[in-house]
Amino acid sequence: MNKKASVVVASTLLVSSLLSACSGGDKPVPAAGSGSGGATPGKPLDISIMTMYYTPEPPGPDNVIVKEIEKRTNTKLKITWVSPNNYADKINVTLASGDIPDLILLDDPFSAQVRGMVAQGAFWDMTPILKDYPNLMQYPKESWENTKQADGKNYGIPRPRPTDGGGFPYLRKDWLDALKLDVPKTTDDLYNVLKAFVEKDPDGNGKNDTIGYIGFVDQNGMAYFNQLQNTFTKVNGDWKLIDGKLVNVNVLPEVKDSLVWLNKAYKEKLIPEDVAVLKNTQAKDLLKANRGGGFQDTVEAAWEPTEELRKSNPKADFLPLVSLNGYSNKDSGFFGMYAIPKSVPEAKMKQLMKFMDYGASQEGSDLASYGLKDVHYTEKDGIKTATPQAQKDIVAQQAFGQIFLKYDPYLRAYRTGMPADVLERNKKIIDEKAKTSIGDPAIGLNSDTNTKVGTELRKKIQDMKTKVIMGKEPISAWDDYMAKLKVDPDMVKITAELNDAYQKKQSAKK
């Protein structure tokens, strides 16, 4: 499963009207240190936390938001902030040391190290008590289901993310209008659109300088063509459930169909010639330079190149597609989870759960991500706008908002500066995607063989895909390779292990 996260430096503001409470779940919880849960009445509860930050600098212990949260929850926080660039290394060292904070963000809940520790009883099983925390229960069921371990239990609080609105193709709507073309509904339609984008001068500058779709691959996978491939396989991931069994998508004829499509697009120069080496920043530069007709990104991210282009062309518009071939992708609903080690007493564990439940409330989430009204943000017509003080005080969803966050299904609908009409359109697109979106059935499943050899195997598969796309190998070479892959001992073993894990997880749900 591809879990790439964009590193956002600026403070991303959301729409408060979209963060409405459900079933009364937004009432502030009692202060963490005010009851019997691990602290004497009136005494602040000491809480150590390890998490990541995406701001230029992390908040310090005297940060105004840290202090305000301590005040409202009657806690004393000791937060270890770690850059996402080296978080994986820090996690490995911390878990191996045995000196684990009260709350630790496990960015990969299914790493071999985490699985082993869960099996050894290193973390609290939260399953029996989740019902006692109404704000956490507002997270979508996918967030909880997809973070369950092999025994069907939850050993962490998901860091919630929307299930719909993730990376998917988007296209220049103004170019479609200029060429009198409909929004494509199938990959055949899309091909015809991209061909017109390249050959019919959609920007009207009289030059043959446009690229249909700015996609690219890397050595590990299909990268910014992965969702396009998925519109052929109709599943968001490398494994598809067929007749109750998981099958690797690469042995399916639909992947071959996607490669034929991409090879044809490459030969006709509808996609970049440097498809194997192009980087994300370079692709975005081409979009902002009025060169590209399409790209793959989240719904709200389509506003980034649109905003830049509208400085010179008010009609510029990148439209996120709802689906292609009747397919739209459903994401996992989480980006890591917060676990509590068994070294924490049960009473304190429940107070930590109460602390995180407050963070999932409207009040806690708004405070963490936006700060204090009229100090760190102003609000007009339901839109929050950051003040210079917010940046100075490191108030952002990319800071304490990594710990406290209320679930918002429209998190991927809005970006700062986006006009209301684009926001409303994005919300409708997300709603439409949610009606038919398909997720990854193999999320959280373990294969020891895959852990050992999966990375290299995927690189070999992608190497052949790249060669076929670029015409360095004929499509028959893919047929030959897939015939071998079906009987490859490692692939056979990985498939068997994942199916065994799938059946066990299904049994654990009953």
Side-chain angles (χ1 to χ4, degrees), residues 1 3 5 12 14-29 32 49 51-52 73 103-110 114 123-149 152-166 236 298 329-340 349-369 397 400-414 427 430-431 433-434 437 439-440 443-444 505 508-509:
M1 167 181 160
K3 294 183 180 177
T12 303
L14 306 178
V15 184
S16 60
S17 62
L18 301 179
L19 299 172
S20 57
C22 298
S23 305
D26 271 330
K27 296 178 181 178
V29 299
I49 305 172
T51 188
M52 61 176 69
T73 59
L103 284 162
I104 184 168
L105 175 63
L106 303 175
D107 61 331
D108 181 1
F110 303 108
V114 171
F123 301 108
W124 277 100
D125 172 14
M126 301 171 181
T127 316
I129 62 171
L130 289 175
K131 64 182 183 300
D132 298 330
Y133 304 98
N135 296 317
L136 294 177
M137 286 292 89
Q138 296 301 321
Y139 292 175
K141 65 178 183 179
E142 290 90 351
S143 299
W144 294 106
E145 286 295 324
N146 290 336
T147 49
K148 285 182 176 178
Q149 293 290 327
K153 297 178 180 179
N154 287 108
Y155 293 89
I157 300 168
R159 184 165 54 153
R161 293 293 184 270
T163 55
D164 291 285
N236 192 18
T298 56
N329 54 315
K330 182 180 291 293
D331 289 346
S332 66
F334 73 93
F335 178 30
M337 70 180 188
Y338 282 94
I340 302 174
M349 178 271 290
K350 291 181 178 179
Q351 289 299 92
L352 294 172
M353 294 291 290
K354 190 177 292 187
F355 174 76
M356 294 299 283
D357 191 67
Y358 172 72
S361 71
Q362 188 77 63
E363 178 186 317
S365 181
D366 279 0
L367 177 60
S369 292
Q397 187 184 331
F400 212 101
Q402 295 300 304
I403 303 173
F404 280 1
L405 185 65
K406 183 182 187 296
Y407 176 67
D408 173 19
Y410 298 117
L411 184 69
R412 290 180 173 138
Y414 180 73
K427 288 165 60 180
I430 289 171
D431 288 342
K433 291 172 78 69
S437 57
D440 181 355
I443 291 175
K505 195 167 185 177
K509 292 180 181 179

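Numbering starts at 1 and runs along the sequence shown.
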Enquirer: Any idea which heavy atoms bring Ile430 and Pro409 closest together, and the distance?
Expert: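 The answer is CG2-O, 3.9 Å.
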Enquirer: Of all heavy-atom pairs between Ser143 and Pro158, which one has the smallest distance, and what is that distance?
Expert: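 Taking every non-hydrogen atom into account, O-CG, 3.4 Å.
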Enquirer: What is the distance from atom CD1 of Ile49 to atom CG of Leu105, rounded to the nearest 0.5 Å?
Expert: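 So the gap between those two atoms works out to 10.5 Å.
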Enquirer: Working to the nearest 0.5 angstrom, can you tell me the gap between Leu103 CG and Ile157 CD1?
Expert: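 CD1 of Ile157 is found 6.5 Å from CG of Leu103.
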Enquirer: Minimum heavy-atom separation for Thr163 to Tyr407, with atom names?
Expert: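 In terms of heavy atoms, the two residues are closest at N-OH, 4.0 Å.
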Enquirer: Could you check if a side-chain atom of Glu145 sits within less than 4.5 angstrom of a side-chain atom of Glu142, using non-hydrogen atoms only?
Expert: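 A side-chain contact is absent here, since even the closest heavy-atom pair is not under 4.5 Å.
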Enquirer: Please round to the nearest 0.5 Å and tell me the distance separating atom OH of Tyr155 and atom CG of Asp125.
Expert: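 Here the interatomic distance stands at 4.5 Å.
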Enquirer: Can you name the nearest heavy-atom pair linking Ser332 to Ile443, along with the distance?
Expert: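 Shortest heavy-atom separation between Ser332 and Ile443 comes out as CB-CD1, 3.6 Å.
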Enquirer: Between Asp108 and Phe110 (side chain of the first, backbone of the second, donor and acceptor by atom type, cut-off under 3.5 Å), is there such a pair?
Expert: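 Such a contact is found between Asp108 side chain and Phe110 backbone.
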Enquirer: What do the steps show when you test Tyr139 against Thr147 for side chain to side chain contact (heavy atoms under 4.5 Å, CB included), and what is the final call?
Expert: CA-CA 12 Å; Tyr139 292 175; Thr147 49; over 6 Å; no
Enquirer: Step by step, work out the ring pair (Phe, Tyr, Trp, His ring centres under 6.0 Å) result for Phe400 and Phe404.
Expert: CA-CA 6 Å; Phe400 212 101; Phe404 280 1; 5.2 Å; yes
Enquirer: Show your working on side chain to side chain contact (heavy atoms under 4.5 Å, CB included) between Met349 and Ile129 and close with a plain yes or no.
Expert: CA-CA 11 Å; Met349 178 271 290; Ile129 62 171; 3.5 Å; yes
Enquirer: Only one of Met126, Met137, Met337 forms a side chain to side chain contact (heavy atoms under 4.5 Å, CB included) with Trp144, so which one is it?
Expert: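 Result: among Met126, Met137, Met337, Met137 is the only option passing the side chain to side chain contact (heavy atoms under 4.5 Å, CB included) with Trp144.
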Enquirer: Looking only at non-hydrogen atoms, find the nearest pair between Ser369 and Gly401 and report the distance.
Expert: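 That would be OG-CA, 3.8 Å.
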Enquirer: Before you tell me yes or no, could you show the steps for Leu136 and Met353 under side chain to side chain contact (heavy atoms under 4.5 Å, CB included), namely the whole-Å CA-CA distance, both residues' side-chain angles and the distance that decides it to 0.1 Å?
Expert: CA-CA 9 Å; Leu136 294 177; Met353 294 291 290; 4.2 Å; yes
Enquirer: Using every non-hydrogen atom in the two residues, find where Arg161 and Leu405 come nearest and quote the distance to one decimal.
Expert: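 So the minimum-distance heavy-atom pair works out to NH1-CD2, 3.6 Å.
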Enquirer: Please report the interatomic distance CG(Asn154) to CD(Gln149), rounded to the nearest 0.5 Å.
Expert: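 So the CG of Asn154 and the CD of Gln149 are separated by 9.0 Å.
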Enquirer: Say whether, by atom type as modelled, one donor and one acceptor occur between the side chain of Gln397 and the main chain of Gln402 under 3.5 angstrom.
Expert: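 No, Gln397 side chain to Gln402 backbone: no donor-acceptor pair under 3.5 Å.
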Enquirer: How far apart are the C-alpha atoms of Asp331 and Asp164, what are their side-chain angles, what is the distance that settles it, and do they pass the side chain to side chain contact (heavy atoms under 4.5 Å, CB included) test?
Expert: CA-CA 6 Å; Asp331 289 346; Asp164 291 285; over 6 Å; no
Enquirer: To the nearest 0.5 Å, what is the distance between NZ (Lys350) and CD1 (Ile340)?
Expert: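 Answer rounded to 0.5 Å: 11.5 Å.
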Enquirer: Which value, rounded to the nearest 0.5 Å, describes the distance between Gln138 atom CD and Asp408 atom CG?
Expert: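 The CD atom of Gln138 sits 12.5 Å away from the CG atom of Asp408.
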